[in-house]
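Computed over heavy atoms, backbone and side chain alike; hydrogens, waters and symmetry mates excluded.
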Amino acid sequence: MPKVTLPDGSSRDYSKAISIFDVASDIGTGLAKAALAAKVDGELVDTSFVIEKDIELAIITSKSDEALELIRHDAAHVMAQAVQELFPGTQVTIGPAIEDGFYYDFARQEPFSPDDLEKIEVRMEDIVGRDLSIEREVWERDEAKRVFADIGEKYKVEIIEDIIPEGEEVSVYRQGDWFDVCRGPHLPSTGKLPRAFKLMKLAGAYWRGNSDNEMLQRIYGTAWRDKKELKLHLQRLEEAEKRDHRKLGRKLDLFHFSDEAPGSVFWHPKGWTLFLQLLDYMRQRQEEAGYVEVNTPDVMDRSLWETSGHWFNYRENMFSTQTEDDRIFALKPMNCPGSVSMFAQGLKSYRDLPLRMAEFGKVHRYEPSGALHGLMRVRHFTQDDAHIYCTEDQMEGECIDVVSLVLDIYKDFGFTDVIIKLSTRPEKRIGSDDVWDKLEGALINSLKVMGLDYVLYPGEGAFYGPKLEFVLRDAIGRDWQCGTLQVDMNLPERFDISYVDETGGRDKRPVMLHRALFGSLERFIGILIEHYEGKFPVWLSPVQAALLTITDKHDQYAREVEKRLKAQGVRVISDFRNEKVGFKIREHTLQAVPFLLVVGNREVENDELAVRTQGGEDLGSMSIEETVKLLGQAS
RNA sequence: GCUCACAUAGCUCAGCAGGUAGAGCACUUCCUUGGUAAGGAAGAGGUCAUCGGUUCAAAUCCGAUUGUGAGCACCA
């Protein structure tokens, strides 16, 4: 006698076991038609699921939050069927729903071509049109293995063997002649899949995400509830592409890359102004936060890297060089060994702690060619790095200070929803569990004290200590790690650093924290370009104002004004070209100059400037002093 | 690093199926002195990424190299 309780609290009693589809029909034929799947006591199931006992039921229609994932997962299946119909001999592997869409990985000798995507899409439409009913079957494990082995689907066999846990049933979903091992749930039939999908791109992907395995062919697609949603999504992508920092960097004349130096930035005057502006900002924030700034060599002897462990653990990522005297030097890939060496020099007392030593170090890493990506992933970058040497008791307080500093700094740029990742002890690690407890505790506690959420990445910490990572998202939805806070118990040990404690003992080992807030200045600038779409706030803007003369009669006054503004610290340029003012306005507006200062007869006469904003607002005429004030306030 | 794609003027791109290159913008010169998103005219500019092959002939076809893009792997 199952009793079914619905989300609105009402309930229905049935005299015998009944399928969800039938319950939906019982409620209304409209609902039965719209039903895609259901939630039974909070768990997703197919509409064919048979209710045998009292449950809470929620029918899922395309309006439900869960619908998109179902739609996307189904789209993956339909795509797989289309591919196997069109390209016999292609093996299927896995095909999950992902953010905004889905993918499916295939094994096939011959590569798919972009033209194939169109064909596959057409065939998908066809399969939707066939409205094949999708049925769930539970197979016996060995039987399932045999069937898939017989039809040459070795990846599926591996999935049944290795991925589906013993004890869990092996479910197979069948649509027409085609079937696939899958946990489900799925839509009732292929006809329920909205015709609002599109195949997006082709890529290689390693089987089971391991680069030792063979490479499969992955097809990415996007799928939505209806055509309108799909269109909106495609528009969003287009909008995002316009913000791409690589495009804007060229358009705004900020930097360029060259074939001779892959992954290395050539900063143009405007880009470098931006860079220095950020540097100044960070310098000031750090000074206020009690840091001292140092500088260590870029090229150091191999022995130092042996001591730090980099020579053995990180060498394939290091640039090294041999000199005439046969010594081997390496360009620093990280600042920490230099910093520890710095700490080791001279005697340190407990009175010196916490010692917060910052360095804007430029590090060099031989990153894999395929990883390079504009300013986001380069081979030479500048870190706003710092190493904090402190006692164990000071550690937690220092962590709190770092976290609140980094978040406060991000807020200045309008980044308020920052993802914080906490990576804890990996399998391969040094140090006792007691120490790890303490270090992880310090990080977790500091987040707790501040009331911050974080995403836990168990086992992802460095071998020498746990870490926090602060992640920002770029215009195209990719996440980039910017800031980081790491606790290190390896380097102090390796370099055998110590301080003199209250009793005069010289063997106290300090705790070492690594932290970077922007992370890489290069990457942070890349993110900022996309975040602001190139329209930087005045304080950051490489050019804050452009002086535009109407005719050459006004040049002399403009030159005078330029001097006065520059004396006040305004980054101003003059445009005396023989062009109409409308032309100049258009050009500097497109160059994202925040303020345009027009100079004509009226302004010369009254010693004023006609001020217009980048957004097109006319602020009228004002004196030089007022303009300077306005520029100061606008940041 | 792996898979696939791409590489033509400073930039954005055209050049269909091999017959020694084209547009717009930018640039230079001249005319125009014009008040809030493009005034006009003329001119200059390319060993078609590099190297090799096929061919009477290669930007175009083939191969390698380098770089770029997308994804994967990597990211102390």
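- Look at the P atom in both B:C61 and B:A17: the space between them is 9 Å, to the nearest Å.
- Rounded to whole Å, the distance from CG on A:Leu252 to P on B:U12 is 13 Å.
- By the neighbour-count criterion of 12 heavy atoms within 6.0 Å, atom CD of A:Glu110 is sparsely surrounded, having that number or fewer from other residues, nucleotides or ligands.
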Nucleic acid footprint by protein, nucleotides 64-74 of chain B - heavy-atom cut-off 4.0 Å, B for base, S for sugar-phosphate alone:
---SSSSBBBB
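- Heavy atoms of other residues, nucleotides or ligands lying less than 6.0 angstrom from CD of A:Glu99 number 12 at most.
- Remark: A:Gln556 CD is loosely packed, at most 12 non-hydrogen atoms of other residues, nucleotides or ligands lying under 6.0 Å away.
- By the 6.0 Å and 45° rule, A:Arg429 does not stack over the aromatic ring of A:Tyr464.
- Nucleotides B:U60 and B:U8, compared at atom P, are 13 Å apart to the nearest Å.
- The separation of B:G69 from B:G53, taken at their P atoms, amounts to 31 Å, rounded to a whole angstrom.
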Mark up nucleotides 39-46 of chain B, 5' to 3', with B wherever a protein heavy atom is under 4.0 angstrom from a base atom, S wherever such an atom reaches only the sugar-phosphate, and - elsewhere.
B-------
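- Within the nucleic acid shown, A:Asp488 has no heavy atom closer than 4.0 Å to any nucleic acid atom.
- The CG-P distance, from A:Leu596 to B:G35, rounds to 17 Å in whole Å.
- Under the 30°/60° scheme for interplanar angles, the aromatic rings of A:Trp272 and A:Trp267 are found to be tilted.
- For the side-chain hydrogen bond (donor to acceptor under 3.5 Å, both in side chains) test with A:Thr382, the passing option among A:Arg523, A:Glu522, A:Glu359 is A:Glu522; the others fail.
- Stacking of A:Lys201 on the aromatic ring of A:Tyr220 is recorded, both the 6.0 Å distance cut-off and the 45° axial limit being met.
- One can place CG of A:Leu590 at 19 Å from P of B:C11, the figure rounded to the nearest angstrom.
- Side-chain contact check for A:Gln486 and A:Thr484: at least one donor-acceptor pair (N or O, by modelled atom type) lies under 3.5 Å.
- If you check the side chains of A:Asn601 and A:His554, you find a donor sitting under 3.5 Å from an acceptor.
- In this model, the phosphate group of B:G10 is not approached by any side-chain N or O of A:Arg250 to a distance below 4.0 Å at OP1 or OP2.
- Using the six-membered ring where Trp is involved, A:His373 and A:His245 have ring planes that are tilted, between 30° and 60° apart.
- Using the six-membered ring where Trp is involved, A:Phe106 and A:Tyr104 have ring planes that are parallel, under 30° apart on the 30 and 60° scheme.
- On the C1' atoms, B:C30 is 49 Å away from B:U55, given to the nearest whole Å.
- Across the protein-nucleic acid pair, A:Asp575 atom CG and B:G34 atom P stand 17 Å apart, rounded to whole Å.
- Judged by the 6.0 Å and 45° rule, A:Arg236 forms a cation-pi pair with A:Trp224.
- Around CD of A:Glu118, the count of heavy atoms belonging to other residues, nucleotides or ligands within 6.0 Å does not exceed 12.
- Within the 4.0 angstrom heavy-atom criterion, no nucleotide atom of any strand lies near A:Lys584.
- Contacts between residues 607-621 of chain A and RNA chain B, defined by a heavy-atom separation under 4.0 Å, are made by A:Ala610, A:Arg612.
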Strand RNA chain B in bracket notation, Watson-Crick/G-U under 3.5 Å with | for pairs to another chain:
(((((((..((((.....[..)))).(((((.......))))).....(((((..]....))))))))))))....
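- Taking the C1' atom of each, B:A26 and B:G18 are spaced 33 Å apart, rounded to whole Å.
- Residue contacts for A:Glu603: at a heavy-atom cut-off of 4.0 Å it reaches a base atom on one of the strands shown.
- Sorted by first and then second residue, the ring pair (Phe, Tyr, Trp, His ring centres under 6.0 Å) pairs with a member in residues 578-614 of chain A form an empty list; sequence neighbours excluded.
- Look at the C1' atom in both B:U33 and B:C13: the space between them is 36 Å, to the nearest Å.
- For A:Glu562 and A:Tyr557, the side-chain atoms include no donor-acceptor pair closer than 3.5 Å.
- Of the C1' atoms belonging to B:G43 and B:C48, the separation is 23 Å, rounded to the nearest Å.
- Comparing B:U66 with B:G52, their C1' atoms sit 15 Å apart, to the nearest whole Å.
- Residue A:Phe576 contributes atom CZ, which lies 17 Å from atom C1' of B:G34 at whole-angstrom precision.
- When rounded to the nearest whole Å, the span between CG of A:Asn213 and C1' of B:U3 equals 15 Å.
- Partners of A:Ser320 under the side-chain hydrogen bond (donor to acceptor under 3.5 Å, both in side chains) rule, at least two apart in sequence or in another chain, do not exist in this structure.
- Checked against B:A38, B:G35, B:C11, the side chain of A:Arg586 finds its nearest nucleotide in B:A38.
- In this structure, CZ of A:Arg365 is placed 11 Å from P of B:C75, rounded to the nearest angstrom.
- The CG atom of A:Asp212 sits 15 Å away from the P atom of B:U3 (whole-angstrom rounding).
- When heavy atoms are screened at a 4.0 angstrom cut-off, A:Leu548 is found touching no nucleic acid atom at all.
- Residue order along RNA chain B, read from the 5' end via each residue's closest nucleotide, puts A:Ser113 first among A:Ser113 and A:Val581.
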